[in-house]
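We use all heavy atoms of the structure for the numbers below, so side chains are in, but hydrogens, waters and symmetry mates are not. Order of the sequence lines sets the chain letters (A, B, ...), proteins ahead of strands, with each chain counted from 1.
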2 protein chains.
Amino acid sequence: MAVTLKEVAERAGVSRSAVSRTFTQGASVSAKTRKKVEKAARDLGYSPSLIARSLATNRTKLIGLIANNFQNPVFLEVFDLYTRALQERNLRPLLVNLTDQTDPSASVQLLKQYSVDGVIVASSTLPPLFAHAFKEAQVPVVHAFGRFASTPDIHIVGIDNEHCGALAAETLQKHRYKRVAFLGGPQSATSAQDRAAGFTRRAKEIGLEIVSSLYADAYAYNSGQQAMRELLNDRRFEAVFCGDDLICMGAMDAARDAGLSIPQDVGFIGFNDMNMAAWQAYSLTTIRQPTSEIILSSVDLVVSMLDTPERAPEVRLFPCSVVERGTLKPIEG
Amino acid sequence: MAVTLKEVAERAGVSRSAVSRTFTQGASVSAKTRKKVEKAARDLGYSPSLIARSLATNRTKLIGLIANNFQNPVFLEVFDLYTRALQERNLRPLLVNLTDQTDPSASVQLLKQYSVDGVIVASSTLPPLFAHAFKEAQVPVVHAFGRFASTPDIHIVGIDNEHCGALAAETLQKHRYKRVAFLGGPQSATSAQDRAAGFTRRAKEIGLEIVSSLYADAYAYNSGQQAMRELLNDRRFEAVFCGDDLICMGAMDAARDAGLSIPQDVGFIGFNDMNMAAWQAYSLTTIRQPTSEIILSSVDLVVSMLDTPERAPEVRLFPCSVVERGTLKPIEG
DNA sequence: GAAAATTTTGCAACCGGTTGCAAAAAACAA
DNA sequence: TTGTTTTTTGCAACCGGTTGCAAAATTTTC
């Protein structure tokens with residue numbers, strides 16, 4: 001059915017190797033034969049089979065992209081950036097949707113079977129152990145948005161969540177808040193834990209009182225909304241630090257529904273700075289996570305592992321910053 | 001490096017074919033050899049190489065998934081459903097992000113090179129010609145969310161956009177609106193064109209006056225916001241039909257920013273019923289597009305084409321319905 | 001228990017490329 | 001021109017599986 005190397009070789013009157021060589025980078029072919037081959041290939045509409053090539057070279061140009069949060073629109077931004085970055089480097093993403101039902105070890109198996117060249121685990125809600133399974137299977141892996149460890153055993157690209165939690169505390173204090181609430185992401189997520197830890201520590205240091213504290217059960221709108229309703233039973237807090245923008249939007253809507261005005265009655269600060277945070281309906285003050293830098297960096301890292309698989313595990317941390325919009329009461333001059 | 005068929009065969013004391021057969025569905029192996037092979041495979045940690053298998057069987061279990069709208073959160077729902085549906089059928093999505101920069105014919109080439117078993121074009125903003133290119137390359141293809149044609153030359157799964165546009169007009173009339181505006185998606189998208197056509201036709205039939213009409217330049221929040229600002233220069237309309245929920249949200253925020261209350265001063269009806277449409281900040285009345293049905297059906301269709309590639313092109317249309325929430329003024333009893 | 005029918009097994013060719021090696025061709029030097 | 005060096009070329013083996021075919025083994029039938 002499809003045109004093969006052999007047919008092109010016959011038509012061009014050269015050996016199969018010659019054809020192969022004109023289609024592989026840096027191989028030695030004379031200008032004359034290259035011309036002949038290219039013409040024959042064009043006539044026949046030939047394009048080399050990547051499957052066959054993969055088998056021979058043991059390289060597939062496939063990168064496994066593992067994600068488990070298809071509820072949070074921020075992941076659409078993430079996918080957009082990943083697919084583009086990979087495409088630009090002539091690599092292809094093989095997307096794995098890790099739902100609660102799917103067995104994690106099955107996906108390791110799976111990606112191994114497809115002999116992906118590398119794997120990017122793009123999630124802050126997966127345990128470090130998960131990414132580790134790939135290392136054991138000898139597959140280059142980087143954990144993007146993963147938990148920072150001072151002696152990492154796999155590559156980590158992300159932010160210092162503990163520090164960013166502290167940043168949120170400082171921001172609230174700067175805006176003259178005294179009593180605040182914490183509404184975190186799912187407690188099983190390392191990102192949620194670390195943000196909570198940093199927030200709590202710094203709050204204590206600077207005399208910010210955390211009057212209530214709650215974890216949503218997912219990085220999702222509904223979870224935020226629901227958790228906020230609970231929080232509203234005890235209204236001693238003047239502002240809320242939400243561990244994620246989407247959660248924050250849910251929380252804000254719950255607060256408004258209870259008749260509160262933002263930021264007059266209650267202030268909010270989110271986390272991520274997703275595109276939607278800038279929407280007028282929310283205009284969210286938030287901690288910006290440099291998503292695009294993290295993604296590009298993790299792609300670069302996995303690419304460089306293709307050549308030097310035994311690279312020592314590296315941690316790459318990017319700084320977060322505060323984006324001031326309209327959900328905290330203004331700082332008085 | 002990786003364990004191969006041959007090693008398993010040697011350890012189990014059988015031929016390579018025997019090993020191959022225990023790992024392929026419906027092949028003939030005795031219980032005894034199967035046992036031996038399975039043990040050897042387990043001991044060695046063997047799993048068959050899908051690359052090699054693909055080369056031999058000419059089947060990759062890869063489905064190309066082509067999308068070009070990574071701005072609209074509804075696509076995250078789409079990806080979620082697609083990846084799940086494919087995974088359940090033991091297929092894998094190879095995601096292609098078709099940006100404005102990427103050459104469409106290059107992606108045809110690309111997916112051909114990876115010898116994907118089939119392709120799903122998941123976009124209402126791509127010209128019918130695009131999907132057609134795969135048919136010409138002999139690759140099973142279905143266009144999801146594509147334009148319905150009475151004599152299709154490729155498989156189409158989606159909705160009757162013209163009809164749904166008409167449904168929007170009827171809904172506005174039912175809510176006692178007289179003068180309305182139309183704020184469509186990008187004019188190049190067939191979905192936007194068809195929704196506009198149906199809306200206009202039906203409006204005329206039932207005496208609904210369309211006082212202004214405008215196309216946003218993308219299915220995106222900002223585009224909706226911007227278009228709405230323009231529309232607000234001439235405020236003769238009492239309600240707006242937006243060709244997409246996200247556009248509608250942008251438009252609503254623009255209206256509120258101009259001091260209008262919804263639905264008291266101006267009504268809105270959207271399109272899609274994305275998850276976010278139910279958010280309290282919007283609580284959008286909208287035309288529901290049965291996304292999940294479309295996706296499952298398109299996966300089924302592409303799967304069935306794997307066995308019978310020459311299947312006659314088929315159109316599968318799913319009905320839309322109105323979801324009433326809070327952005328149109330109530331119908332008075 | 002033998003003959004016939006059925007199932008299981010191994011051989012060997014094949015899928016469509018790549019690549020080390022040695023021979024052939026071309027380029028260069030004297 | 002000839003000898004030497006460099007580049008290009010084809011051969012053949014290999015990547016890791018699958019599969020048609022005929023022989024071997026097993027099961028069924030009488």
>> In this structure, how many angstroms lie between the C1' atom of D:dG17 and the NZ atom of B:Lys61, rounded?
In response: 15 Å
> Expressed in angstrom and rounded to an integer, what is the separation of A:Leu5 atom CG from C:dC14 atom P?
Replying inline: 16 Å
>> Under a 3.5 Å cutoff, is there a donor and acceptor pairing between the side chains of B:Tyr82 and B:Ser298?
In response: yes
>> Does B:Asn58 form a side-chain hydrogen bond (donor to acceptor under 3.5 Å, both in side chains) with B:Ser115? I'd like the steps, not just the answer.
In response: CA-CA 8 Å; B:Asn58 207 22; B:Ser115 16; 5.6 Å; no
> From A:Leu98 CG over to B:Gln87 CD, what is the distance, rounded to the nearest 0.5 angstrom?
Replying inline: 8.0 Å
> Could you give the CG-to-P distance, from B:Leu44 to D:dG16, as a whole number of Å?
Replying inline: 14 Å
> Under the 3.5 angstrom rule, does the side chain of A:Ser20 hit a backbone N or O of A:Arg16 as a donor-acceptor pair?
Replying inline: no
> Roughly how many Å is it from CD1 in B:Ile51 to P in D:dG17, rounded to a whole number?
Replying inline: 11 Å
> Does a side chain donor of either A:Thr4 or A:Tyr46 reach within less than 3.5 Å of an acceptor in the other side chain?
Replying inline: no
>> Considering every strand and a 4.0 Å limit on heavy-atom distances, what is the contact class for A:Ser54: base, sugar-phosphate, or nothing?
In response: nothing
> Once you build an axis from the first five pairs and another from the last five of the helix from C:dG1-D:dC30 to C:dA30-D:dT1, how far apart in angle are they, to 10 degrees?
Replying inline: 20°
Output one line per pair: protein atom, nucleotide atom from nucleotides 8-11 of chain C, and distance, for all N/O pairs under 3.5 Å.
{"from": "C:dT8", "atom 1": "OP2", "to": "B:Ser28", "atom 2": "OG", "distance (Å)": "3.3"}
{"from": "C:dT9", "atom 1": "OP1", "to": "B:Ser30", "atom 2": "OG", "distance (Å)": "2.8"}
{"from": "C:dT9", "atom 1": "OP1", "to": "B:Thr33", "atom 2": "OG1", "distance (Å)": "3.2"}
{"from": "C:dT9", "atom 1": "OP2", "to": "B:Ser30", "atom 2": "N", "distance (Å)": "3.0"}
{"from": "C:dT9", "atom 1": "OP2", "to": "B:Thr33", "atom 2": "OG1", "distance (Å)": "3.1"}
{"from": "C:dG10", "atom 1": "OP2", "to": "B:Ser15", "atom 2": "N", "distance (Å)": "3.1"}
{"from": "C:dG10", "atom 1": "OP2", "to": "B:Ser15", "atom 2": "OG", "distance (Å)": "2.9"}
{"from": "C:dG10", "atom 1": "N7", "to": "B:Arg21", "atom 2": "NH1", "distance (Å)": "3.2"}
{"from": "C:dG10", "atom 1": "O6", "to": "B:Arg21", "atom 2": "NH2", "distance (Å)": "2.8"}
{"from": "C:dC11", "atom 1": "N4", "to": "B:Ser17", "atom 2": "OG", "distance (Å)": "3.0"}

> Between D:dT19 atom P and B:Arg59 atom CZ, what is the distance in whole Å?
Replying inline: 11 Å
>> To the nearest 0.5 Å, what is the distance between CD1 on B:Ile51 and CZ on A:Arg59?
In response: 13.5 Å
> Any chance the side chains of B:Ser28 and B:Arg21 put a donor and an acceptor closer than 3.5 Å?
Replying inline: no
>> Distance check needed: D:dT8 P versus A:Lys35 NZ, whole Å only.
In response: 14 Å
> How many Å lie between CZ on B:Phe23 and P on D:dT19, as a whole number?
Replying inline: 15 Å
>> I'd like to know whether A:Phe70 forms a ring pair (Phe, Tyr, Trp, His ring centres under 6.0 Å) with B:Phe75, so could you lay out the CA-CA distance, the side-chain angles of the two residues, the decisive distance to 0.1 Å, and finally the verdict.
In response: CA-CA 10 Å; A:Phe70 284 72; B:Phe75 263 81; over 10 Å; no
>> Just the rounded figure in Å: distance from P of C:dG17 to CG of A:Asn58.
In response: 18 Å
>> Using a heavy-atom cut-off of 4.0 Å across all strands, would you classify A:Ser20 as base, sugar-phosphate, or nothing?
In response: base
> From D:dT18, C:dG17, D:dG16, pick the nucleotide closest to the side chain of B:Arg53?
Replying inline: D:dT18
> Run the side-chain contact (heavy atoms from CB on, under 4.5 Å) check on A:Val29 and A:Phe23 step by step: do they pass?
Replying inline: CA-CA 10 Å; A:Val29 237; A:Phe23 284 99; over 6 Å; no
